[in-house]
Each structure stands twice: as structure tokens, then as C-alpha cells.
Protein chains: 2
Amino acid sequence: MKEVESILHDKNVRPTAMRLLVYQILSENKNAISLTDIENQLKTADRTTLYRTIKTFEEQGIVHPIEDGTGITKYALCAAYCNADKHKDLHLHFHCKVCEETTCLTEYSIPQISIPEGYITEDINFTVSGVCKKCNQG
Amino acid sequence: MKEVESILHDKNVRPTAMRLLVYQILSENKNAISLTDIENQLKTADRTTLYRTIKTFEEQGIVHPIEDGTGITKYALCAAYCNADKHKDLHLHFHCKVCEETTCLTEYSIPQISIPEGYITEDINFTVSGVCKKCNQG
DNA sequence: TTAGATAATGCAATGGAAGTGCATTATCCT
DNA sequence: AGGATAATGCACTTCCATTGCATTATCTAA
Ligand SMILES: [Mn+2]
Ligand SMILES: [Mn+2]
Ligand SMILES: [Zn+2]
Ligand SMILES: [Zn+2]
């Protein structure tokens, strides 16, 4: 059994051909990508299938969604220890307004914060936007 | 000159009837609201006008947009000291998955963070989602 | 190993929000 | 008051997200 196949298997996701391809694409892109990006890189696949594949991946802790402020949700692979119960990759995300790329800053953790008494935290989104290093050196 | 009128005036926005109404609605809602929310509370107005009104308000530091993870942008009035050059109300936002309400936690500032060398920060979005106090007491 | 149950896929269609072009109307300043 | 400029309303377009349903693939247990 190939590596990707066993990863999906471990996360309780049936390793279909389509899913292996989507996983492949996600792992080849160093930036976070949108559903449309995936669609463009996988001309054969139907958008609906991709949509539901990503949804499944998200639910099973394989990818995490990123709201980068563009209104288009991006996705990136999770750390190995994420699972269906909890996403544990709480890092910053950066969106460059010049090149439009959205990146996981996996080395930069979301800082601890307090929220008002009585509120329950389930998800945290910390996204910084501006100009990335590459675009800053023009 | 009424109070709202002078606020708009100070921010270099012509105080038209429509704009006064939009401002009114924003100030009456204690939560952040969407364009559609405004539309529903102002049946007479055309959506395009509201769209452009909000855009103008945003540019002139009257409202700030909030990406709460739903994909629908919400808006809330800024602090008095925001202006066209810079939004200075850097606080947390909370989105309740039960009642769907999005709130400004104006008392809770966005913590200082470091980002990688060479990156330039322009905007920061820090949104927590989960269950709000009200929904947590059911 | 095969049949039947269950899950995944593909197609077609819908919904909702964002955004644009242009003609008309209101506002403001001189 | 008059003319420049800005705001508004209407009609349309685009794009992404999402669903229903029929078909096909996958897995499991007999
Ligand atoms: Mn990430
Ligand atoms: Mn706010
Ligand atoms: Zn860039
Ligand atoms: Zn709530």
C-alpha cells in the first residue's frame, strides 16, 4: 500500500483514485490553494467531487480551511496529528496582496488569548495580509 | 447639523439620506451585520447603493469588515479615531456557530506577533468561533 | 467469490453574494 | 441659480458554494 493511501486509511477516508489525486495536488503545492485551483490542476475531475472530497478531508483532519480575506476559501494539508475530533495545527496564515498567494506560517503559532467569560472557543483564525517576502524584493 | 451628519462630514463622506440611514442601522445593531442584513432592514434601498455606501464607509474609516469564516462579510462601526489612512480598531471578533451572531470584542486586543523577516503586515484578522455566552446558557 | 449494502462520483441545476456599466438624479460650491 | 461632480437605481454578469438525483465504484460479510 502506497504512502498516501495509508495516510488516508489512517484517517478513515477511503482511498479512491480521485482522493489520491487531490491529496497529491495538495502536497505538491507549497501554498494553500482554492477549490478552483484544484479543479484547474485536475481537468478530468468534476467540481462537485472535488468539493466533497475537500469537505471529507476537512472533516477527517486531512486539510484545514483558510479564510484569507479574499472571500475564497483556501486549503492546505494538516499536520499528521490532526484528526476528525480536532485540528491541532494552529498557526498563522499570510495572504500576499501582490502575488495573491496564501501561505501557512507553520512555524508561527497562534498566541494564547483570553476571551470573555462564558464563551467557548472552537476555532481560531489568525490571518495576516500584506506583502510577502518575494514581492517585497522587487 | 445632527450628530451623525457631522461624523460623516468629519470623515469626508457626504451625508446623504441613504448614508445616514445606513449609519443609523449600523449603530442600532450591537452585532456586526452583513450587506443583506442591511438590505433587509432598509427595504427601500437598492442593494448596489448599500454596497457602495459600505465600500465608502470602509475606505473612510467609518466601518471595518469582518471575515467571520462564514464567507459572508460582516460590518461594524469603527472607533472614532479610525480614518481613511488606517483602521486602528484592532480587536478580536467572535462568531457564534449557534446563533450565527458575529460580535466585536472591542475590549480584547489583537496580540502582538512576529512574522517572518521580509514580510510586510497591512491587515490582521483574528476571529474566534464557537459558542457565545448567550447560547452557552441554554 | 460474489451479492448486497453503502459510499463515491458526475451531471444538472440552484442560490447567494459580489461586482460593473450606464443613465438619471441629487448635492455642493461658486 | 448654474454647472461640475458625486450618488443612486436598474439591469446584468460573474463566480463560488451547495444540493438532488441517478449512476457507478468499493467494501464487507455470507
Ligand atoms: Mn495552515
Ligand atoms: Mn470589530
Ligand atoms: Zn507575494
Ligand atoms: Zn450565540
Side-chain angles (χ1 to χ4, degrees), chain A residues 1-2 4-6 8-25 32-60 62-63 65-75 84 95 97 100 102, chain B residues 1-2 4-6 8-25 32-60 62-63 65-75 84 95 97 100 102:
Chain A
M1 194 186 272
K2 298 200 213 82
V4 176
E5 244 179 278
S6 74
L8 295 192
H9 201 270
D10 288 352
K11 304 243 181 171
N12 293 308
V13 172
R14 292 192 188 188
T16 66
M18 211 76 258
R19 286 170 175 175
L20 294 174
L21 285 171
V22 172
Y23 192 98
Q24 199 67 36
I25 286 182
I33 56 179
S34 69
L35 206 53
T36 304
D37 292 333
I38 299 175
E39 199 181 7
N40 292 338
Q41 293 180 44
L42 262 187
K43 292 272 164 51
T44 64
D46 182 80
R47 186 184 175 90
T48 313
T49 304
L50 299 177
Y51 170 76
R52 289 193 268 232
T53 297
I54 284 291
K55 200 119 225 178
T56 302
F57 280 11
E58 190 181 337
E59 283 162 8
Q60 302 305 319
I62 296 171
V63 300
I66 302 156
E67 306 287 336
D68 63 9
T70 62
I72 300 161
T73 307
K74 308 293 186 339
Y75 301 90
H95 174 72
K97 293 177 179 177
E100 295 273 277
T102 299
Chain B
M1 195 185 273
K2 296 200 214 83
V4 175
E5 246 180 277
S6 74
L8 296 191
H9 202 269
D10 288 352
K11 305 243 181 172
N12 293 308
V13 171
R14 291 192 188 188
T16 66
M18 211 76 261
R19 287 169 174 175
L20 294 174
L21 285 170
V22 172
Y23 191 98
Q24 199 67 39
I25 286 182
I33 57 179
S34 69
L35 206 54
T36 305
D37 291 333
I38 299 174
E39 199 182 7
N40 292 337
Q41 294 180 43
L42 261 187
K43 292 272 162 51
T44 65
D46 182 80
R47 187 185 176 87
T48 312
T49 304
L50 299 177
Y51 170 75
R52 289 193 267 230
T53 297
I54 285 291
K55 200 119 225 176
T56 302
F57 279 10
E58 191 181 336
E59 283 162 7
Q60 302 305 318
I62 296 170
V63 300
I66 301 156
E67 305 286 335
D68 62 9
T70 62
I72 300 163
T73 307
K74 309 291 188 336
Y75 301 90
H95 174 72
K97 292 178 180 178
E100 296 273 278
T102 299

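Worth knowing before you read on, the calculation uses all heavy atoms, side chains too, and leaves out hydrogens, waters and symmetry mates. Quick caveat, the model's predicted, so the values are computed rather than measured.
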Within this structure, what is the CD1-CD distance for the pair Ile72(A) and Glu100(A), rounded to the nearest 0.5 Å? 8.0 Å

Contact span of DNA chain C against chain B, any nucleotide atom under 4.0 Å from a heavy atom, 5' to 3', runs dA17(C) to dC28(C)

Contact summary for Leu42(B) and Val22(B), nearest pair of heavy atoms: CD1-CG2, 4.0 Å

Going by side chain to side chain donor-acceptor pair (under 3.5 Å), name the residues that satisfy it together with Thr53(A), two or more places apart in sequence or in a different chain. none

Please name all residues satisfying side-chain contact (heavy atoms from CB on, under 4.5 Å) with Asp46(B), sequence neighbours left out, ordered by chain then number. Thr48(B), Thr49(B)

The salt bridge (charged side-chain N to carboxylate O under 4.0 Å, His left out) partners of Lys55(B) (sequence neighbours excluded) come to none

Of all residues at least two apart in sequence or in a different chain, which pass the side-chain contact (heavy atoms from CB on, under 4.5 Å) check with Ile33(A)? Ile25(A), Leu26(A), Asn29(A), Asp37(A), Ile38(A)

Whole angstroms only, please: what is the NE2-C1' distance between His9(A) and dT28(D)? 12 Å

Under 4.0 Å from any atom of DNA chain C, heavy atoms only: list the residues of residues 67-75 of chain A that qualify, in numerical order. none

Would you mind telling me which residue lines up with the more 5' stretch of DNA chain C, Leu35(B) or Arg14(B), judged by nearest nucleotide? Leu35(B)

The bend of the helix from dT1(C)-dA30(D) to dT30(C)-dA1(D), taken between the axes of its five terminal pairs at each end and rounded to 10°, is 30°

To the nearest 0.5 Å, tell me how far Ser34(B) OG sits from Asn40(B) CG. 7.5 Å

Would you say His9(B) and Arg14(B) make side-chain contact, with heavy atoms under 4.5 Å? no

Spacing of Ile62(A) atom CD1 and Phe57(A) atom CZ [to the nearest 0.5 Å]: 5.0 Å

Steps toward side chain to side chain contact (heavy atoms under 4.5 Å, CB included) verdict (Leu35(B), Ile54(B)): CA-CA 8 Å; Leu35(B) 206 54; Ile54(B) 285 291; 3.8 Å; yes

Is there side-chain contact between Lys74(A) and Glu67(A), with heavy atoms separated by less than 4.5 Å? no

Taking only residues two or more places apart in sequence, or in another chain, which ones meet Glu39(B) in a salt bridge (charged side-chain N to carboxylate O under 4.0 Å, His left out)? Arg47(B)

Tell me, which of residues 45-57 of chain B have any heavy atom that sits under 4.0 Å from an atom in DNA chain C? Arg47(B), Thr48(B), Tyr51(B), Arg52(B), Lys55(B)

For Thr56(A), all residues meeting side-chain contact (heavy atoms from CB on, under 4.5 Å), sequence neighbours excluded: Val13(A), Arg19(A), Gln60(A)

